[in-house]
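Data block below; observations after.
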Number of protein chains: 2
Amino acid sequence: MNSLKELISTGKNIAVISHISPDGDSLGSILALGITLGKMNSNVTIYLNDVLPAKYEFLPEVHRFIMFKEEETKEYDLTFVLDCGDIDRLGKSKVIANRTKTLVNIDHHISNTSYGNINILDVDASSTCQMIYEFIDEVLEAQISLDVATCLYVGITTDTGNFKYDNTSPKTHRIASKLLELGVNIEEVTFNLYQNGSYNSIKFLGDFLQNLDITLDGKLALSTITLEMLRKYNLDSDETDSIINYGRDIKGVEVAITLKEVNENIIKASFRSKANVDVNKLAQIFGGGGHKKASGATIEGSMDYVKERIIEEVSKTIGATRG
Amino acid sequence: MNSLKELISTGKNIAVISHISPDGDSLGSILALGITLGKMNSNVTIYLNDVLPAKYEFLPEVHRFIMFKEEETKEYDLTFVLDCGDIDRLGKSKVIANRTKTLVNIDHHISNTSYGNINILDVDASSTCQMIYEFIDEVLEAQISLDVATCLYVGITTDTGNFKYDNTSPKTHRIASKLLELGVNIEEVTFNLYQNGSYNSIKFLGDFLQNLDITLDGKLALSTITLEMLRKYNLDSDETDSIINYGRDIKGVEVAITLKEVNENIIKASFRSKANVDVNKLAQIFGGGGHKKASGATIEGSMDYVKERIIEEVSKTIGATRG
C-alpha cells in the first residue's frame with residue numbers, strides 16, 4: 001500500500017466521511033483517522049452529515065468535524081469512507097464519493113458492497129475503530145496519539161456493547177489494552193458515555209418499561225415510543241436508541257421490536273434478536289435491513305396498523321401464536 | 001512460594017472460601033482456583049455460605065460448590081480465602097479459617113486487613129479473578145482449562161462493570177484477551193449474565209425508575225425498594241442489586257442511594273458515587289463501610305426515618321440544601 005501512503009502525503013483534497021445517524025464507531029473512526037492523516041497532510045477534512053449527538057461532544061478535537069453542505073463543489077484526490085456498508089448511507093455527503101479520484105472503503109459490516117477503489121473489509125473485526133487501529137499502526141505506520149487512542153476506544157466499547165457482544169475477540173481486548181496503555185482515561189469515557197444521561201431520560205425509561213409487552217408465547221417483546229412520550233419527557237430521538245435492549249434481554253424473548261413514531265404516519269421499527277432468529281430478514285419484509293441480530297425499517301401507517309402487521313410477520317417467522 | 005505448592009500437593013484437607021452474598025468475582029475466583037487445585041490434590045472443597053444466585057448457575061462445574069454446614073468439624077491444612085476484605089464477611093464459614101494450619105488471603109480490596117498467614121494483596125487488580133489468573137499461571141504454574149477461563153472471565157467482567165469502571169487496566173484487557181483465546185464463549189456468558197432477566201424484573205425496574213427522586217440541587221438520587229414492591233413483582237432480593245446504578249448515572253448526580261426494606265424496621269442502604277464524594281465515609285456514619293465509590297450499611301428504623309437521616313447526612317457531606 002505504498003501508493004496509498006503517497007496519495008495521502010500528496011493529495012490536494014482528502015475527505016474522511018461516514019454514515020448518517022452517527023454512532024460511537026463512525027465518529028470515533030473518522031476522527032481518529034482524520035487526526036492522524038492531518039499530521040501527514042494539511043488538506044484533510046472530516047465531514048459530518050448530522051448534528052453530533054450530545055454524548056459524543058467530549059471526544060477530543062471535535063472542532064475538526066465539519067458539517068457537510070450540499071452547495072460545496074470541491075473535487076477530491078482521496079476519500080476515506082469508514083464504517084459504511086452501503087454508499088447510500090452517506091446521506092448528503094454521498095456526492096463527495098462521486099467527486100473523488102480514489103475512494104477507500106474501510107468497514108466491518110458483512111453487507112458491505114465493496115464500492116471503493118480500495119476496499120479494506122474485515123467482518124471479524126468488532127468495529128471499524130478496531131480496523132483503524134491496525135490501519136494506522138500497520139499501513140500508515142504512524143504514531144497513535146492519546147487523542148486518537150480515545151476516539152478508537154470509544155468506537156470499540158460502543159460497538160461491542162462494552163465487550164459483551166460476540167464480535168468481541170481476543171484481538172479486540174488486545175487492542176483495548178494497548179489503547180489504555182497510551183493513556184485513555186476510562187473514567188472520563190465511561191462518565192460521558194454512560195453516566196451522564198438526563199433525569200428525564202430515566203423517567204422516560206421507567207414509563208417505557210411499564211408499557212413494554214410480551215406476546216407470542218413470551219418470544220416477542222414489543223414496545224412503542226410515541227411522539228407524545230418524546231414530547232412529555234422532552235427527549236431527542238437519539239436518546240432512546242439503546243432502549244430496545246431491555247426487551248431483548250428478558251428471559252425467553254427471541255425477538256425485541258421497538259416502534260417509534262417519527263410523525264403521525266411514519267413508524268421507525270428497530271429489531272433485535274439474541275438467538276437464532278434472523279431479524280435482517282424480518283426487516284427486509286418491511287423494506288429495511290441490517291444485521292442478523294440487529295436491523296431496522298421505516299414503515300408507513302398508524303402505530304396500531306404497524307403493530308398488527310409486525311406481530312403477524314413475527315408470528316410466521318418464529319412459529320408462535322398470540323398468547 | 002515453593003512451600004505453598006508443596007502444601008497444596010500434600011495437604012489433607014484444603015478449603016476454598018469467600019464472602020457471604022456471593023457475586024461474580026467471589027464465585028468465579030473460588031471455582032477457578034478450586035477446580036485447578038482439585039487437579040493437584042483430591043482433598044479440595046469449595047464452600048458456599050449462601051444459595052447460588054440463579055444467574056450464576058451456568059458457571060462450569062457448579063456441582064463442585066458445597067454448601068457449608070455449621071455442624072462440620074473438619075480440620076484443614078490449608079484454606080484459601082478469596083475476595084474477602086474482612087474475615088467476618090466469611091459468615092458461617094469463618095470457623096474454617098479458625099481450624100486451619102495455613103490461611104492464604106488473596107484479595108484486591110483496599111480495606112483488606114491482612115488476616116492470613118500468607119497475604120497476596122493487589123489493590124490495583126480489577127478483581128480477584130484477575131489475581132487468580134496470575135496466581136494459577138505464575139505461582140502454581142498450572143494450565144488454565146476452558147472451565148477455569150470461563151469462571152475467571154465472569155469475575156473480571158462483573159467486577160469491572162464490563163470493563164467500564166476505572167479499575168480496568170491494560171492488564172485487565174490483556175488477561176481477558178488470553179481467556180478468550182482459551183475459548184471462553186462470550187455469547188453464553190453475556191446471555192446468562194445480562195440477557196436472561198425475568199419479565200417481572202423489567203416491570204419492577206420501570207416502577208422503580210418512575211419513583212426515583214432527585215434532591216439536594218440534583219446531586220442526590222434517592223430511591224426505595226419496599227417489601228411490598230418485592231412481593232408485587234415476586235423478586236429475590238439479589239435481583240435488585242445493580243439497580244442503584246441508574247440513579248448514579250444521571251447527569252449532575254454525585255451520590256445515589258437506594259434504601260431497601262429488609263423487614264419492617266431494618267433498612268439496607270446502598271451508596272454509590274461517581275466523582276469525588278467518599279461514600280465509604282457516609283456509610284460509616286451509619287455503621288457500614290466499603291469502597292470510596294460503593295458502600296453499604298444496614299440501618300434500624302422506619303423507611304421514612306432512615307430517609308430523613310440519610311438526606312441530612314448527605315446534605316452535610318456535599319454541602320447542598322434541599323431543593
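Quick note on labels: first sequence line is chain A, next is B, and so on, each numbered from 1. Computed from heavy atoms alone, side chains included, the values below leave out hydrogens, waters and symmetry copies. All figures in this text were calculated on a predicted structure; none of them were measured in a lab.
- For B:V123, the side-chain contact (heavy atoms from CB on, under 4.5 Å) test picks out B:I110, with sequence neighbours left out.
- Options B:G161, B:G197, B:A176 differ in how many heavy-atom pairs under 4.5 Å they form with chain A, and the most are formed by B:G197.
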Let me see the donor-acceptor pairs closer than 3.5 Å between chain A and chain B, or none if nothing turns up.
| unit_1 | atom_1 | unit_2 | atom_2 | d |
| --- | --- | --- | --- | --- |
| A:Y153 | OH | B:H173 | NE2 | 3.0 |
| A:K164 | O | B:T190 | OG1 | 2.5 |
| A:P170 | O | B:S177 | OG | 2.9 |
| A:H173 | ND1 | B:H173 | ND1 | 3.0 |
| A:H173 | NE2 | B:Y153 | OH | 3.0 |
| A:R174 | NH1 | B:E181 | OE2 | 2.7 |
| A:S177 | OG | B:P170 | O | 2.9 |
| A:E181 | OE2 | B:R174 | NH1 | 2.7 |
| A:E187 | OE2 | B:K293 | NZ | 2.6 |
| A:T190 | OG1 | B:K164 | O | 2.5 |
| A:Q195 | O | B:K274 | NZ | 2.7 |
| A:N196 | N | B:D249 | O | 3.4 |
| A:G197 | N | B:D249 | O | 3.2 |
| A:G197 | O | B:K251 | N | 2.6 |
| A:Y199 | OH | B:L212 | O | 3.0 |
| A:K203 | O | B:Q210 | NE2 | 2.8 |
| A:K203 | NZ | B:L209 | O | 3.3 |
| A:K203 | NZ | B:Q210 | O | 2.7 |
| A:K203 | NZ | B:L212 | O | 2.9 |
| A:L209 | O | B:K203 | NZ | 3.3 |
| A:Q210 | O | B:K203 | NZ | 2.7 |
| A:Q210 | NE2 | B:K203 | O | 2.7 |
| A:L212 | O | B:Y199 | OH | 2.9 |
| A:L212 | O | B:K203 | NZ | 2.8 |
| A:Y246 | OH | B:Y246 | OH | 3.0 |
| A:D249 | O | B:N196 | N | 3.4 |
| A:D249 | O | B:G197 | N | 3.2 |
| A:K251 | N | B:G197 | O | 2.6 |
| A:K274 | NZ | B:Q195 | O | 2.7 |
| A:K293 | NZ | B:E187 | OE2 | 2.6 |

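- Put simply, CG on A:L209 and CG on B:L205 are 5.0 Å apart, with the number rounded to the nearest 0.5 Å.
- Separation of atoms CZ (A:F163) and CG (B:L180) is listed at 10.5 Å; rounding is to 0.5 Å.
- Contact annotation for B:F191: only side-chain heavy atoms (C-beta onward) come within less than 4.5 Å of a heavy atom of chain A.
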